[in-house]
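Right, one structure below, let's go through it.
This one's a predicted model, so the numbers in the text were calculated from it and none came from an experiment.
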Amino acid sequence: MKFFSFLTIRVVSLLVASAVVGISCAIIAVGGYYPVALVNGHWITAATFWQNRDAAFLFEHRRLSLEAGKEVDIDEHRRLIIQAGVLERLIENALIHNRAEQEIGADFAFLVQQTISR
C-alpha cells in the first residue's frame with residue numbers, strides 16, 4: 001500500500017485549492033478590488049470609490065472648518081450626500097469615457113495620452 005493513497009492526494013489537493021481561493025478572496029476584499037457599480041462593462045471598484053470619497057470628505061471638512069473658523073466634523077447626512085455625489089460622478093465619468101471610446105474608436109487611449117503629455 002502506498003503512503004499516500006489516491007483519495008488522500010485528492011483531499012489534500014482540494015484543501016490546497018480551497019486555501020488558495022480563500023486567500024485570493026480575502027486579498028480582493030481587503031484591497032477593494034470588487035465592483036460597487038458596473039457601467040456598460042466598466043467596473044467602478046470599491047478602492048476607486050473610497051479614494052474619491054475620502055478626497056471629497058477631506059475637501060468638505062476643510063471647507064466647513066474654514067467657514068466656521070474652527071475644526072468642524074461632517075455630519076452623517078452630509079456624508080451620505082457626498083457619497084452619493086461621488087458615485088454619481090464616477091458613473092458619469094464612465095459613461096463619458098465609454099461614449100468617447102465609441103466616437104473616436106481605437107485611437108482614444110493614444111489621443112488622451114497625447115493630450116495629457118502636452
Side-chain angles (χ1 to χ4, degrees):
M1 189 162 125
K2 294 181 179 180
F3 181 69
F4 287 108
S5 69
F6 179 72
L7 182 60
T8 305
I9 292 173
R10 290 194 72 179
V11 169
V12 170
S13 298
L14 184 60
L15 289 174
V16 169
S18 297
V20 168
V21 168
I23 291 170
S24 298
C25 289
I27 290 170
I28 288 170
V30 171
Y33 297 112
Y34 55 91
V36 293
L38 181 63
V39 182
N40 293 339
H42 175 80
W43 285 14
I44 298 172
T45 64
T48 300
F49 171 72
W50 295 336
Q51 182 180 19
N52 283 270
R53 180 203 62 187
D54 291 347
F57 282 168
L58 180 62
F59 177 83
E60 185 67 6
H61 169 73
R62 288 184 177 166
R63 186 188 69 78
L64 290 173
S65 296
L66 185 62
E67 284 179 359
K70 60 180 181 176
E71 287 293 312
V72 177
D73 287 333
I74 304 171
D75 61 55
E76 189 62 31
H77 178 70
R78 190 178 300 255
R79 285 181 176 273
L80 291 174
I81 291 171
I82 291 170
Q83 288 183 97
V86 166
L87 185 57
E88 182 179 339
R89 178 61 60 158
L90 289 171
I91 291 170
E92 286 176 356
N93 287 347
L95 289 170
I96 291 168
H97 183 270
N98 287 342
R99 183 64 180 174
E101 259 185 350
Q102 288 175 355
E103 292 289 324
I104 298 171
D107 294 334
F108 178 72
F110 173 74
L111 292 172
V112 169
Q113 187 60 37
Q114 189 177 21
T115 302
I116 291 172
S117 65
R118 285 188 201 172

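- Note that the CG atom of Asn93 and the CG atom of Asn52 stand 8.5 Å from one another [nearest 0.5 Å].
- Rounding to the nearest 0.5 Å gives a distance of 9.0 Å between CD of Gln83 and CG of Asp54.
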> Going through the checks in order, is the side-chain contact (heavy atoms from CB on, under 4.5 Å) test met by Gln114 and Leu111?
Replying inline: CA-CA 5 Å; Gln114 189 177 21; Leu111 292 172; 3.9 Å; yes
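- Here Ile44 contributes atom CD1 and Leu87 contributes atom CG; the two are 6.0 Å apart, rounded to the nearest 0.5 Å.
- Residue Arg89 places its CZ atom among 12 or fewer non-hydrogen atoms of other residues, nucleotides or ligands, all under 6.0 Å distant.
- With hydrogens and angles ignored, the 3.5 Å screen pairs a side-chain donor or acceptor of His61 with a backbone N or O of Val72.
- Under the ring-ring contact (aromatic ring centres under 6.0 Å, His included) criterion, His97 pairs with Phe108, sequence neighbours left out.
- Distance check: Phe49 CZ to Tyr34 OH gives 10.0 Å after rounding to the nearest 0.5 Å.
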>> Evaluate Leu66 against Arg63 for side-chain contact (heavy atoms from CB on, under 4.5 Å), listing each step before the verdict.
In response: CA-CA 5 Å; Leu66 185 62; Arg63 186 188 69 78; 5.8 Å; no
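- Here Asp73 contributes atom CG and Arg79 contributes atom CZ; the two are 7.5 Å apart, rounded to the nearest 0.5 Å.
- When the side chains of ILVMFWY residues are joined at heavy-atom separations under 4.5 Å, either directly or via intervening members, Ile74 and Leu80 end up in two distinct hydrophobic clusters.
- In this structure, Glu71 and Ser65 approach most closely via the heavy-atom pair CA-OG, 3.6 Å.
- Leu95 and Val36 fall within the same hydrophobic cluster, where Ile, Leu, Val, Met, Phe, Trp and Tyr residues are linked whenever their side-chain heavy atoms come under 4.5 Å apart, directly or through other members.
- If you chain together hydrophobic residues whose side chains sit under 4.5 Å apart, Ile91 and Ile81 never meet in one group.
- Atom CZ of Phe59 has 12 or fewer neighbouring heavy atoms from other residues, nucleotides or ligands inside a 6.0 Å radius.
- Hydrophobic clustering, defined by side-chain heavy atoms of Ile, Leu, Val, Met, Phe, Trp and Tyr closer than 4.5 Å, groups Trp43 together with Leu38.
- In terms of hydrophobic clustering, with Ile, Leu, Val, Met, Phe, Trp and Tyr side chains grouped at heavy-atom distances under 4.5 Å, Ile82 and Leu58 are assigned to different clusters.
- The line from CD1 of Ile96 to CD of Glu101 is 13.0 Å long, rounded to the nearest 0.5 Å.
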